[in-house]
**Student:** 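I have a structure here, written as structure tokens, and I will follow up with some questions on it.
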Amino acid sequence: MLILIDDGNLEGIKEVYSKMPCDGVTTNPSILKRQNKNPIEVLKSIREYLPPQAQLHAQVISLKAEDMVREAQHMRSILGDDLYIKVPVTSEGIRAMKLLNDLNINITGTAIYTAMQGFIAGKAGAKYVAPYINRLDNMGADGVQVAKDIHDMLKTSNLETEVVAASFKNSQQVYNLCKYGIGAATVAGDVLMGLIKHDATTNAVDVFTNDFYSLVGENKTMLDV
Ligand code: E4P
């Protein structure tokens, strides 16, 4: 499963990248709003920081298909041809996906709340489709199940589209999808760090450290013996 960071804050992205194995960054207009800077400049600085093979996903704002295509081409001209253009699964969005697919532009179908929206976006040429796990849970639906259903439907129809599950609030949601073989998850830094946090691990390390110190002396490591 690819792990993407769902963030637009370069310092935050750098911190997570230095601590976790990551495959890229996703943003949306609300994330960019939180940076309170020129959004293209924010995206440029993220692209410049990321390793060349890392993915960057950024969303178009236009509401009409032809405008989305123009906007996507403009964004690619600045941010590179490997940019993933996030397109919401409205009816104009699906129309835009077909046009973008004909132009060989990487598409991420986004704002997905039902399995069929995800499937249709895959049929329209999206490389990734992003169901909103936590937002679905908050609506009384089962976000993890929707993502699994989309994954299964894409595989059953031999589509190459992968699910990039989005909108997480806890590690359990990520764990359930990772176990299932979902293609990618985009996760905010705090939830990502929660994936490796465990009190038992911290306690085990404390015991190991103290045992070693009592053997060879306080603050000693293998370098000192
Ligand atoms: C990704 O495509 C979404 O924009 C994002 O994960 C939504 O997350 P939120 O529900 O925390 O806003």
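First listed ligand is number 1; within each ligand, the first listed atom is number 1. In what follows, every heavy atom counts, from backbone to side chain, and hydrogens, waters and symmetry copies are set aside.
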**Student:** Tell me the residues surrounding ligand 1, counting only those with a heavy atom closer than 4.0 angstrom, sorted by chain and number.
**Tutor:** Asp6, Asn28, Lys86, Thr110, Tyr132, Arg135, Ala166, Ser167, Lys169
**Student:** Would you please name every residue forming a ring pair (Phe, Tyr, Trp, His ring centres under 6.0 Å) with Phe168, sequence neighbours left out?
**Tutor:** none
**Student:** Can you tell me how the ring of Tyr49 sits relative to the ring of Tyr17, calling it parallel under 30°, perpendicular over 60° and tilted otherwise?
**Tutor:** perpendicular
**Student:** Atom NZ of Lys127 and atom CG of Asn101: how far apart are they, to the nearest 0.5 Å?
**Tutor:** 7.0 Å
**Student:** From the options Thr110, Thr26, Thr108, select the one residue that forms a side chain to side chain donor-acceptor pair (under 3.5 Å) with His57.
**Tutor:** Thr108
**Student:** Any salt bridge linking Arg70 with Asp67? Criterion: basic side-chain nitrogen under 4.0 Å from a carboxylate oxygen.
**Tutor:** yes
**Student:** Side-chain donor-acceptor pair under 3.5 Å between Gln173 and Asp137, yes or no?
**Tutor:** yes
